[in-house]
Amino acid sequence: MPSSELESNWSETNPVDEVPTIEASLPPLELSIQVPPDPEWADGWGEDEYGPFVEVWIDRVVQRLRWIPPGRFMMGASEDEVGRWEDGREGPQHEEVITTGFWMFETPCTQELWDCVMEENPSRFKSPRRPVERVTWDDANAFIERFNSKVLGPTLTLPTEAQWEYACRAGTVESTYVGNLEILGDNNGPILDSVAWYGGNCGVNFDLERGYDVSQWPAKQYEFATGGTRIVGLKQPNTFGLFDMLGNVWEWCSDNWRQRHDASPEPSLRVLRGGSWSSDAGSVRCACRIHYAPNYRDSFIGFRCAVVDSIPLSNT
């Protein structure tokens, strides 16, 4: 894996042999209509056009979590998906069942929430409502441990890779949750503009003095000279009400890396999902997955948390 500040347009040096993908047939996704109870640990609760949400208040910071109902979905990318990694890491496409509903941070963990819990801020692009970045997998788990000790009730975790992709897709089957990606240039995937900050638009009206020099990036969707992370929640959410699931920062998952979904886990590596502000267009897809060591940090890496609820998938 690359060790430079930017992770876009890099490739693996040791791809595995491609194995034919067997695509399972799957009836239309059926989402649970059960409404979860108001959790005792929540400081606020409500419902809007995206469904139920709860809020946790820590000092001056309010963190909203969205309800993700149990269900099933096709995980991974089809062999003909535009942007799919050639080494087969996004296959085989297969059915996954999310048996228990869960709550998920509405946005990536922000710098203001991180600072409130950890009393420091490691981010390069400092701004309270931007995602915290330059955090390792180990750092994210240290945050979770401290958060859980400060707030009575919820047990935050990093989402599993399956939970993350299920929440990202939000009932859709295309390569992004607003449709299939068309790549017009390395950093030009027009459909991404409405939902993601990525290599093609991350510098449009950039509002920090200390941006990253992206003047030499090829084939951007828009012309700009500097870029970086952006304030969370500015782009269109998916139908679960989750913002920035694609782009802005790659997000750590709890899982050990598997070179393919059906391969053995590699304990020395962890999974990241979603693409980032420095990703090329092909990396900003629901099925895209990369890996780093749990002690790796960079300005394109952040995370969001989940809380598992007790409502199981209905058999009806």
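Because the structure is a prediction, the values reported are computed rather than measured. One is the number of the first residue; the rest follow in order along the sequence.
To the nearest 0.5 Å, atoms CD (Glu133) and CZ (Arg297) are separated by 11.0 Å.
If you run side chain to side chain contact (heavy atoms under 4.5 Å, CB included) between Met74 and each of Gln93, Glu96, Glu165, only Gln93 comes through. With Glu112 as the partner, the side chain to side chain donor-acceptor pair (under 3.5 Å) test is satisfied by one option alone out of Arg60, Arg129, Gln63, Arg130: Arg129. The only member of Ile301, Asp298, Val232, Thr229 that meets side chain to side chain contact (heavy atoms under 4.5 Å, CB included) when paired with Val249 is Thr229.
Other residues, nucleotides and ligands place more than 12 heavy atoms under 6.0 Å from the CG atom of Asp48. More than 12 heavy atoms of other shown residues, nucleotides or ligands fall within 6.0 angstrom of atom CD in Glu49. Taking a 6.0 Å sphere around CD of Glu266, one finds it holds more than 12 heavy atoms contributed by other residues, nucleotides or ligands. Counting non-hydrogen atoms of neighbouring residues, nucleotides and ligands closer than 6.0 angstrom, the CD atom of Glu120 exceeds 12 such neighbours.
Proximity of Glu182 to Leu184: side-chain heavy atoms (C-beta onward) are separated by under 4.5 Å at one or more points. Taking the side chain as every heavy atom from C-beta outward, Thr100 and Pro70 never approach each other to under 4.5 Å. Contact check for Ser123 versus Trp114: no side-chain heavy atoms found under the 4.5 Å cut-off. Within the 4.5 Å cutoff, the side chain of Trp252 has no heavy atoms near those of the Asn141 side chain. The shortest side-chain heavy-atom distance between Val308 and Gln163 falls under the 4.5 Å cut-off. Looking only at side-chain heavy atoms (C-beta outward), His291 and Val271 stay at 4.5 Å or farther from each other. Looking only at side-chain heavy atoms (C-beta outward), Arg270 and Cys253 stay at 4.5 Å or farther from each other. The shortest distance between side-chain heavy atoms of Leu234 and Trp197 falls below 4.5 Å.
Listed for the Asn148 side chain is a donor-acceptor partner under 3.5 Å among the backbone atoms of Leu156. Panel note: side chain Lys220, backbone Gly203; no donor-acceptor pair is recorded below 3.5 Å. Remark: side-chain polar atoms of Asn248 are paired, donor with acceptor, to backbone N or O of Arg230 under 3.5 angstrom. A donor-acceptor contact shorter than 3.5 Å is absent between the side chain of Tyr212 and the backbone of Ser278. Put simply, the side chain of Asn256 never gets that close to the backbone of Pro265: no donor and acceptor are under 3.5 Å apart. Counting only distance, with no hydrogens or angles, the side chain of Asn180 and the backbone of Ser175 share a donor-acceptor pair below 3.5 Å.
In the model, Asn201 has a side-chain atom that pairs as donor or acceptor with a side-chain atom of Asp193 under 3.5 Å.
No continuous path of hydrophobic side-chain contacts links Val62 to Val132 [ILVMFWY only; heavy atoms under 4.5 Å].
Nearest approach of Trp41 to Pro154, heavy atoms of both residues: CB-CD, 3.1 Å. The shortest heavy-atom contact between Phe105 and Arg304 is O-NH1, 3.1 Å. Heavy atoms only, all atoms of each residue included: Ile144 and Leu158 are closest at CD1-N, 3.6 Å. Thr176 and Val284 get closest at one heavy-atom pair: CG2-O, 3.9 Å. When every heavy atom of Ala287 is checked against every heavy atom of Gly76, the shortest pair comes out as CB-C, 3.6 Å. The two residues Asp255 and Pro159 come nearest to each other via the heavy atoms OD1-O, 4.2 Å.
Ring geometry for Tyr296 against Phe300 counts as tilted: the plane angle lies between 30° and 60°, on a 0 to 90° scale. Ring orientation note: the planes of Phe240 and Tyr166 are tilted relative to one another, at an angle of 30° to 60°.
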CA sep, side-chain torsions, deciding dist, call: Trp257, Arg89, side-chain contact (heavy atoms from CB on, under 4.5 Å): CA-CA 10 Å; Trp257 171 256; Arg89 67 177 59 191; 3.9 Å; yes
As a quick check of understanding, evaluate ring pair (Phe, Tyr, Trp, His ring centres under 6.0 Å) for Phe143 and Phe303, giving each step before the final call. CA-CA 11 Å; Phe143 166 91; Phe303 70 100; 5.4 Å; yes
Discussion item. Working note: Ile231 + Asp207, criterion side-chain contact (heavy atoms from CB on, under 4.5 Å); need CA distance, chi angles, decisive distance, verdict.
Written reply: CA-CA 10 Å; Ile231 293 172; Asp207 57 343; 4.2 Å; yes
Worksheet entry | Stepwise side-chain contact (heavy atoms from CB on, under 4.5 Å) check, Cys288 with Trp250 | CA-CA 10 Å; Cys288 189; Trp250 286 97; 3.9 Å; yes
Practice task
Decide side-chain hydrogen bond (donor to acceptor under 3.5 Å, both in side chains) for Thr136 and Asp138; before the verdict, give the C-alpha distance in whole Å, the side-chain angles of both, and the deciding distance to 0.1 Å.
Solution key: CA-CA 5 Å; Thr136 68; Asp138 294 327; 4.7 Å; no
I would like to know whether Ile58 and Phe147 meet side-chain contact (heavy atoms from CB on, under 4.5 Å); could you show each step before the answer?
CA-CA 9 Å; Ile58 304 179; Phe147 182 101; 2.9 Å; yes
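A ring-centre distance under 6.0 Å is found for Trp277 and Phe125.
Among residue pairs with one or both ends in residues 148-164, those qualifying as salt bridge (Lys or Arg N to Asp or Glu O under 4.0 Å) are Glu161-Arg273, Glu161-Arg289; sequence neighbours excluded.
Electrostatic pairing of Asp87 and Arg260 does not count as a salt bridge here, judged by no charged N lying under 4.0 Å from a carboxylate O.
Both tests hold for Arg64 against Phe53: distance to the six-membered ring centre under 6.0 Å, angle to the ring axis within 45°.
Shown here are the side-chain contact (heavy atoms from CB on, under 4.5 Å) partners of Ile183, two or more places apart in sequence or in another chain: Val82, Leu181, Ala281.
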